[in-house]
Number of protein chains: 2
Amino acid sequence: MHQEYTAEILTIGNEILMGRTINTNATYIASRLTLLGFHVRRVTTIGDDVNEIANAVKEIVDRGPLILVTSGGLGPTYDDMTSEGIAKGLGLRLVMNEDALKELKEKYQSRGLPLTEERLKMALMPEGSKPIKNNVGIAPGIAISVKETEIVVTPGVPKEMESVLNFYLDNMLRNKPRVHFHEESFLVRGIMESEIAPFIRKVVKETGIYIKTHPKGHETNEPYLEIQFAWSGESKEEVEKKVREAVEKVKEEVIKRKGVLEQKP
Amino acid sequence: MHQEYTAEILTIGNEILMGRTINTNATYIASRLTLLGFHVRRVTTIGDDVNEIANAVKEIVDRGPLILVTSGGLGPTYDDMTSEGIAKGLGLRLVMNEDALKELKEKYQSRGLPLTEERLKMALMPEGSKPIKNNVGIAPGIAISVKETEIVVTPGVPKEMESVLNFYLDNMLRNKPRVHFHEESFLVRGIMESEIAPFIRKVVKETGIYIKTHPKGHETNEPYLEIQFAWSGESKEEVEKKVREAVEKVKEEVIKRKGVLEQKP
């Protein structure tokens, strides 16, 4: 993997920590970043608390990933405090962003709604931020560069998160990796994870390819595995060729060991 | 909330960081801990890498939660390195656990299968660990106390994680919180999150109750909210009464503002 294109994800929200909401936002963000060739190194989830947000952002920026995508805590309610937390963590002032304010004015006033304190809050951003267009909801996203890291702040409502993230990736991403990511997997019945493990380790050692066995059945009774292969690199053709060679090697071995390949559903 | 019963969750696996697997394990663990009265403060996900695991465990133990539940990386393959990573992070030796070894012998040898290096690996644990019964799969879980924190290590396969976690919670949990957690929520149409925000803030300030608005529609076009209330405390009756009072207060306000209450599906 191209370790230099590192990324981290920070999701913010008590509802995730309470086990009330499944963190599909993290999955979506991780998948988008991976497909662009980023190596996501860590996902952190914390609650709606200014100090927790400040600490987490500081820790992440100190680790220095190329990109940090956050999700959650951008709305108009008292517990939406991502902007404030990020500003605090980075030692930046929280200021009214004129471009964001203009957008909010258009969105609310066109509907005859007043700009209350809660609504204006969504235009408060850490000094030096650029708002990111939110085509689905109200709260704009935030882009801000700090040291090595480009921070991309998205709302927590999944459709809004996707809209803001995709606007950013399509229009604003600098240092865009030019790598291609390729992944394949196959299913096999009748092979135990512990039985194929030494062979997989050997192929990983020889090729450097990422291979992972996902047990889907029981280890000794009716073993059933998904074996996943992934790699990224600058040449699409080379990446695909390398992955396919590893797939074939492992397929041969499982057939030799009387494993039964199965079509994916 | 009873901040003293703090918990953290650490999930380990490249497949989560690649956005290939939705982290439902974290949700399950968070929900179980919350219902027992724990306050989950952070969920961290890292990849299958000894040093990443060691660093993350060290950071978490330094923050000193009462309990840390980990998931993933306990199996027989080359990329299952949770035991090793935890031992490294805590500065403990990785030793063959005799009880775990006995369990593995029973599970494999009863099926006429040899104890290979990959299989024995699942009985290697940080010095001072206690194995936790895995009634579903092979790899036993691990319980180990370090400083303020009880670390509970579970496999990544969801059914095995659940089996190990539940065995631990039912049979081995010391300092079990005696608090009750209660949560309620209702749905309302026609009220904007930004409109109700000042009132919610007031109720939170007055009662201390956790209240969160979850927007399910668009902020200004057809607004649709779920409003969630939660609290925990030592008396079940008191906790429920307090939550219900807050629910009634907010319901009255949304009706006054022409919001339409909706039955939950």
Chemist: Measure the OG-NE2 distance between B:S232 and B:H182 for me, rounded to the nearest 0.5 Å.
Modeler: 12.0 Å
Chemist: Quick check on A:T34 against chain B: is it the side chain, the backbone, both or neither that has a heavy atom closer than 4.5 Å?
Modeler: side chain
Chemist: Any ion pair linking A:K121 and A:E117 (charged N to carboxylate O, less than 4.0 Å)?
Modeler: no
Chemist: Heavy-atom cut-off 4.5 Å, strictly under: side chain, backbone, both or neither for A:I16 against chain B?
Modeler: backbone
Chemist: Taking side chain as everything from C-beta outward and backbone as N, CA, C, O, which of these in A:E160 sits under 4.5 Å from a heavy atom of chain B? Side chain, backbone, both or neither.
Modeler: neither
Chemist: Rounded at 0.5 Å granularity, tell me how far CG in B:N25 sits from CD1 in B:I29.
Modeler: 5.5 Å
Chemist: Examine whether an atom of A:Y108 lies under 4.5 Å from a heavy atom of chain B, and if so say whether it belongs to the side chain, the backbone or both; otherwise answer neither.
Modeler: side chain
Chemist: Against chain B, work out which of A:A7, A:P198, A:P215 has the most heavy-atom pairs shorter than 4.5 Å and name it.
Modeler: A:P198
Chemist: Is it the case that atom CD in B:E222 sees more than 12 heavy atoms from other parts of the structure closer than 6.0 Å?
Modeler: no
Chemist: Using atom types as modelled and distance alone, determine if a side-chain donor or acceptor of B:R119 lies under 3.5 Å from a backbone N or O of B:P114.
Modeler: yes
Chemist: Under a 4.5 Å heavy-atom cut-off, does chain B meet the side chain of A:E8, its backbone, both or neither?
Modeler: neither
Chemist: Among A:H214, A:K212, A:M122, which has the most heavy-atom pairs under 4.5 Å with chain B?
Modeler: A:K212
Chemist: Given heavy-atom pairs under 4.5 angstrom as the criterion, report whether the side chain, backbone, both or neither of A:R111 touches chain B.
Modeler: side chain
Chemist: Can you confirm whether B:E183 is buried at CD, in the sense that more than 12 heavy atoms of other residues, nucleotides or ligands lie under 6.0 Å from that atom?
Modeler: yes
Chemist: Heavy-atom distance under 4.5 Å to chain B: side chain of A:V136, backbone, both or neither?
Modeler: backbone
Chemist: If you measure only the distance, is there a donor-acceptor pair under 3.5 Å linking the side chains of A:T11 and A:N23?
Modeler: yes
Chemist: Please report the shortest heavy-atom distance between A:I211 and A:V203, naming the atom on each side.
Modeler: CD1-CG1, 3.7 Å
Chemist: Under a 4.5 Å heavy-atom cut-off, does chain B meet the side chain of A:D49, its backbone, both or neither?
Modeler: neither
Chemist: Which answer fits A:A139, side chain, backbone, both or neither, if we ask what part of it has an atom under 4.5 Å from a heavy atom of chain B?
Modeler: neither
Chemist: Taking every non-hydrogen pair under 4.5 Å, which of A:E15, A:H218, A:R20 racks up the most with chain B?
Modeler: A:R20
